[in-house]
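Presented below is the structure to which this report refers.
Bear in mind that the values here come from a model prediction, so they are computed numbers and not experimental data. Proteins come first, then strands; the chains are lettered A, B, ... in the order of their sequence lines, and each starts at number 1. Any value given below was found using the heavy atoms of this structure, including those in side chains, with hydrogens, waters and symmetry copies removed.
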Number of protein chains: 2
Amino acid sequence: MPTPRAYHHGNLRQTLLNAAVQLAEEVGAEHLSLRELARRVGVAPSAPYRHFASRKALLTAVAEEATERLRIGMVTGAAAHRQQGLEQLQALGEAYLDWAEQHPMHFRVVSARDQIDYAAASGMAQRNQELRDLTLQALELAQQQGAAQRCDPQTLAVLARATVYGLARMQTDGHFAQWGLDPATGWQSARELLGVFVGLLRPATQKG
Amino acid sequence: MPTPRAYHHGNLRQTLLNAAVQLAEEVGAEHLSLRELARRVGVAPSAPYRHFASRKALLTAVAEEATERLRIGMVTGAAAHRQQGLEQLQALGEAYLDWAEQHPMHFRVVSARDQIDYAAASGMAQRNQELRDLTLQALELAQQQGAAQRCDPQTLAVLARATVYGLARMQTDGHFAQWGLDPATGWQSARELLGVFVGLLRPATQKG
DNA sequence: ACCTGAACACCGTTCAAGT
DNA sequence: ACCTGAACACCGTTCAAGT
């Protein structure tokens, strides 16, 4: 049975990770302090260094967990729309936006990358590759079905990601208010704007 | 004639701003230290507080300067393409990307907004409003000329900004490498991808 | 193996005191 | 009016020492 201080004997690492997520969501990842974290968990300021080489290494571990959640969301989203390219593309984009909505701190840390050591996060790079492949496959299927055929699918994949990334960041960074959109419904607006983008790819015969 | 220490008598404020830009470009705005800044300028750690209420206030002043540069660039870009809606839209987007390319630190500080006090930066908000109006006017002109007529111009304006913002951040945040794009030519790629987006808005008769 | 406690070299910010 | 110098309450990180 776990005592209140069970983490002092085996699972301090995961305890620190969980507390780090909570603290970062309160004050922002850029203001996360290892000393404050240690204080909350009830250990000495130096204790985290048995489990993480640095503050950056801890945040990188948080980012790895976050990327796995994103991967699960996008794989699930794609699986729900087999055989329909543009619907699958939209589902992938919506899964990305849903993830950013539910974990804005994770989204910021993972995407801005200035608080983490991306080069050392092999799991993240691997998962990201999987997500790019999913997007590309959806687009190639869509093109077989007539969408934006005069464009290179690789090019469209980057453009689609830029769109969804730009929308997520505008909401997260607080830009939407100035564009006449209510921040409270910003994520819903982002999903609708994604729909407009996907609509621009649709074959001319299906337009209107 | 200005002596080496002339800034000690009248223009320490601007000297601090200039040195702040240089230091932030070296170490990243999030790691800019007021003490290091004071050290470089040759004043006491408390001296900057005569001119800026806080570290955040200083970075906000830097962001105001940066936004004025963006405004000049975009106004110039739009002026070069009168009477052609989509060309004007593209010129506006390219001016935005040029600015982000030439001042990536400025771009990050202005857009992420977590290091500045945007609510207190009335000049920034005003200039941003001007830039949104420019974009909207270009799109309305483009629609009179047949582009994407079934879409609300306000909606297209936000989508266009999300595209260009997403592209600029992907390059700045180092995402392009994983999408098979050379980071060295990333800004050129961004401009080309902007062109693909604008092409998606083009009337069907002009396509191909 | 895992954690403590003291230490080092930093921070942002405040404030009395100098000119 | 503008700047200095000392001070306060913090940081991240290291390292000898404890269990």
Side-chain angles (χ1 to χ4, degrees), chain A residues 2-63 109 112-117 120, chain B residues 2-63 109 112-117 120:
Chain A
T3 79
R5 286 190 199 148
Y7 44 79
H8 282 201
H9 314 93
N11 53 353
L12 176 57
R13 186 193 148 90
Q14 191 59 47
T15 302
L16 284 168
L17 283 176
N18 297 342
V21 169
Q22 200 174 339
L23 181 54
E25 276 167 356
E26 288 174 30
V27 301
E30 70 276 19
H31 295 121
L32 179 136
S33 145
L34 275 193
R35 294 184 93 108
E36 168 69 14
L37 188 62
R39 229 174 277 129
R40 289 198 179 194
V41 167
V43 294
S46 55
Y49 288 86
R50 284 293 136 185
H51 303 276
F52 301 99
S54 63
R55 196 192 99 108
K56 201 164 202 168
L58 182 141
L59 281 171
T60 303
V62 169
V109 169
R113 294 190 187 171
D114 52 0
Q115 310 262 3
I116 67 176
D117 186 0
Chain B
T3 78
R5 286 191 200 145
Y7 44 81
H8 281 202
H9 314 94
N11 54 352
L12 176 56
R13 186 192 147 90
Q14 192 58 46
T15 301
L16 284 168
L17 283 176
N18 297 341
V21 169
Q22 199 174 339
L23 181 54
E25 276 168 357
E26 288 174 31
V27 302
E30 69 277 19
H31 295 122
L32 178 138
S33 146
L34 275 193
R35 293 185 93 108
E36 169 68 14
L37 188 61
R39 229 174 278 130
R40 290 199 178 193
V41 168
V43 295
S46 55
Y49 287 87
R50 284 292 137 186
H51 301 276
F52 301 99
S54 64
R55 196 192 97 109
K56 202 164 201 169
L58 182 140
L59 282 171
T60 303
V62 170
V109 168
R113 294 190 188 173
D114 52 0
Q115 310 262 3
I116 67 175
D117 185 0

Over how many whole Å does the gap from [X] atom [atom1] to [N] atom [atom2] extend?
X        : N      : atom1 : atom2 : answer
B:Gln115 : C:dG12 : CD    : C1'   : 14 Å
B:Asn11  : D:dA1  : CG    : P     : 18 Å
A:Leu37  : D:dC10 : CG    : P     : 16 Å
B:Arg35  : D:dA7  : CZ    : P     : 13 Å

What nucleotide among [options] has an atom nearest to a side-chain atom of [X]?
X       : options               : result
A:Ala44 : C:dC15, C:dT4, C:dG12 : C:dT4
B:Tyr49 : C:dA7, C:dG12, D:dT4  : C:dG12
A:Leu12 : C:dC3, D:dC11, D:dT13 : C:dC3
B:Ala47 : D:dC15, C:dT13, D:dC3 : D:dC3

- request: To the nearest 0.5 angstrom, please state how far the CG atom of A:Leu16 sits from the CZ atom of A:Arg40.
  value: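 Between A:Leu16 CG and A:Arg40 CZ, I get 12.5 Å after rounding to 0.5 Å.
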
query: In Å, rounded to the nearest 0.5 Å, how long is the span from CG of B:Leu34 to CZ of B:Phe52?
result: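 That separation rounds to 9.5 Å.
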
For a quick test of reading the model, state the closest non-hydrogen atom pair linking [X] to [Y] and the distance between them.
X       : Y        : value
A:Ala57 : A:Ala53  : CB-N, 3.9 Å
B:Glu36 : B:Leu23  : CG-CD2, 3.8 Å
A:Leu58 : A:Ala20  : CD2-CB, 3.6 Å
B:Thr15 : B:Asn11  : OG1-O, 2.9 Å
B:Pro45 : B:Ala38  : CA-CB, 4.0 Å
B:Ala29 : B:Gln115 : O-OE1, 4.1 Å

field: Positions of residues 22-34 of chain A (non-hydrogen atom under 4.0 Å from DNA chain C), listed by number
entry: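 The answer is none.
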
message: Using a strict heavy-atom distance below 4.0 Å, which residues from residues 50-58 of chain B are in contact with DNA chain C?
response: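 Hits under 4.0 Å, by residue number: B:Ser54, B:Arg55.
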
field: Toward the 5' end of DNA chain D, by each residue's nearest nucleotide, B:Pro45 or A:Pro45
entry: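 The answer here is B:Pro45.
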
message: Tell me whether A:Arg55 contacts the main-chain N or O of A:Leu32 through its side chain, where contact means a donor paired with an acceptor under 3.5 Å.
response: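 Answer holds: yes.
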
message: Whether the side chain of A:Thr60 engages the backbone of A:Ile116 through a donor-acceptor N/O pair (distance < 3.5 Å, no angle test) should be reported.
response: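 No; zero donor-acceptor contacts below 3.5 Å.
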
- prompt: CD of A:Gln22: more than 12 outside heavy atoms within 6.0 angstrom?
  reply: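 Atom CD in A:Gln22 is not crowded, with 12 or fewer foreign heavy atoms closer than 6.0 Å.
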
message: For Watson-Crick and G-U wobble pairs within 3.5 Å on both distances, what is DNA chain C written in dot-bracket notation, | included for inter-strand pairing?
response: ||.|||||...|||||.||

